[in-house]
Amino acid sequence: MTYFNINRCFFIVPSNRCNEEFEKIDKYISILNKSGIDVLIKKVQNPKGRNGYNPFNLVATILYCFSNFKSSLREIEQLCVYDFRVIYLMQQEQPSHNVIKDCINNYILPYQYEIFTMITKTIIDEFNLDISNQYLDGTKIEANANKYKFVWKPTTFHKRLDEKIRELLSNMEYNTLQKELIRSHQFYDIINEFVKNKNIDINTIPIGRGKRLSKEQKQYKLAHQYLLKLLEYEEKEAICGENRKSYFKTDKDATAMVLKEDYYSKLSDDFHAGYNIQVLVSAGIITMYGVFQDRSDHYTFIPMNDLYYKFYGKYPLNECADAGYGIYINYQYMYEHNIDNYVKFQAWEGEASGKNPQLFYTFSDGVLCLNTCIGKEIPFDKTHQRNKDGKLYEFIGCNECNYSYVCKKRLKNKELNFRHIELIPDYELFKEQARINLLSPKGIEIRVNRSIQVEGTFGQLKQNMQYVRIRRSGMEKVKCEIMLMCLGRNIRKFFLY
């Protein structure tokens, strides 16, 4: 007698629990209809010139799968065959992973920010969410790149090569008064001019050991070697750009960063390819996202708020962030755009714990130290000016001050009866305003809420959704993937729980 029999025909009838899931999907589809993203999908012409799968169903299915922690093309392809909910969305169509990839690249990637903000705005209006308080934070996520294929920006090697080129040009009796680095096209023109003036036939130069070369031929060969190396350095510097010092061969947009947890060894003491992911969160929903190559958060604040303004038509009313964003230009930006400042400055933790108390106070007549001594503004003679808006102040009477052990504990010469300090008066006023806001009852509530909302959002993405490594390569595709993850998280929070 056989106990295991597979030769049976049967129908799978959805249960009541499936009907509950279908009702959730119907609410989700109604939000997509209200958002108006169909206008963006209609703009895309079918590149193959023939009718394919329904692009509206495909986009809805892809967003739904990302909200269910399924972000790979093969997983989505399998869900279209075996998952009732996805079959319901696709109306029993079964696209392959190549079709899903084309849909992401053709329909979603070109309009990723528009799709994200249109759906997010619809969710905000549907649930009447208050997004006046925006919380900003960032995290680093491992890129899809080989960790041993990194390239450092050859700044030092380029300078050394430039010195060798100048020495060679001097031997070639060619004097250059150019102070900046010699570029490859300039060096190429000089080599061509040298060949013409010396009547060198580059095709007949002997190659190999034991071949005698003239002085001009040796100089040409050395110049040719320098030119190839110069082209290599310029190419690497062009890929790195001005704001970073490394890239990876398998993903040239990825930057070498120290991550909190290494994907390979689960340690955090080595450089790996990564992207800096920034999100703005309010009322439990991600309102904006950004992908950056910066290793720190300092200079991501302004681009994130510019993106928010571009797609929402206004700046945040109140904004809260940790001390990684509390620099002068960010405070100045908030002041110019009427954003209430709830951003910690870099000395906040020291002041809050009492280890590094506030030493200087700005008032209408100048700057006051902890011992109520008014600082005298002096010119920058021997001291180098670090900031263009900075001013140098001198405080006298430090030996008689009861707080000198705190004020001068980091100075090398502690026996001097004065102290020089460079301060930016506007920056001190911005910090004072942030200090007042953060210590107010509303500021305390916002600070507590920031750690819940933003850190909780990253916890959901990394821990619950198991998103610890980016699947795609290249800045635009990585941005699209982050958008799908963030939008999937919003959809899951409001429609699928």
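Throughout, residue positions are numbered sequentially from 1 according to the sequence presented.
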Item to check | Criterion salt bridge (Lys or Arg N to Asp or Glu O under 4.0 Å) on Lys344 and Glu349, from CA distance to verdict | outcome: CA-CA 9 Å; Lys344 298 177 182 178; Glu349 295 298 332; 3.7 Å; yes
Checklist outcome for this item: Asn197 meets the side chain to side chain contact (heavy atoms under 4.5 Å, CB included) criterion, sequence neighbours left out, with Glu193
Ring centres under 6.0 angstrom apart ([X], [Y]):
{"X": "Phe292", "Y": "Tyr299", "answer": "no"}
{"X": "Phe430", "Y": "Tyr335", "answer": "yes"}
{"X": "Tyr289", "Y": "Tyr113", "answer": "yes"}
{"X": "Tyr226", "Y": "His224", "answer": "no"}

Item to check | Cation over ring face, Lys431 and Phe345, 6.0 Å, 45° | outcome: yes
Checklist entry - Looking at Tyr312, is Lys121 sitting on its ring face, NZ or CZ under 6.0 Å from the six-membered ring centre and within 45 degrees of the normal? => result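 Judged by the rule (NZ or CZ under 6.0 Å from the ring centre, within 45° of its axis), Lys121 counts as positioned above Tyr312.
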Next on the checklist: Could you check whether Ser71 and Arg471, counting side-chain N and O atoms only, form a donor-acceptor pair closer than 3.5 Å?
Outcome noted: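 Yes, because at least one side-chain N or O of Arg471 sits under 3.5 Å from a partner of the opposite role on Ser71.
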Next on the checklist: Under a plain distance cut-off of 3.5 Å, with no hydrogens placed, do Glu319 and Asn305 share a side-chain donor-acceptor pair?
Outcome noted: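 On atom types as modelled, these side chains qualify, holding a pair under 3.5 Å.
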Next on the checklist: Which residues pass the side-chain hydrogen bond (donor to acceptor under 3.5 Å, both in side chains) test with Ser72, not counting sequence neighbours?
Outcome noted: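 So Ser72 forms a side-chain hydrogen bond (donor to acceptor under 3.5 Å, both in side chains) with Glu75.
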Item to check | Rounded distance (nearest 0.5 Å) linking atom CG of Asp251 with atom CZ of Phe150 | outcome: 15.0 Å
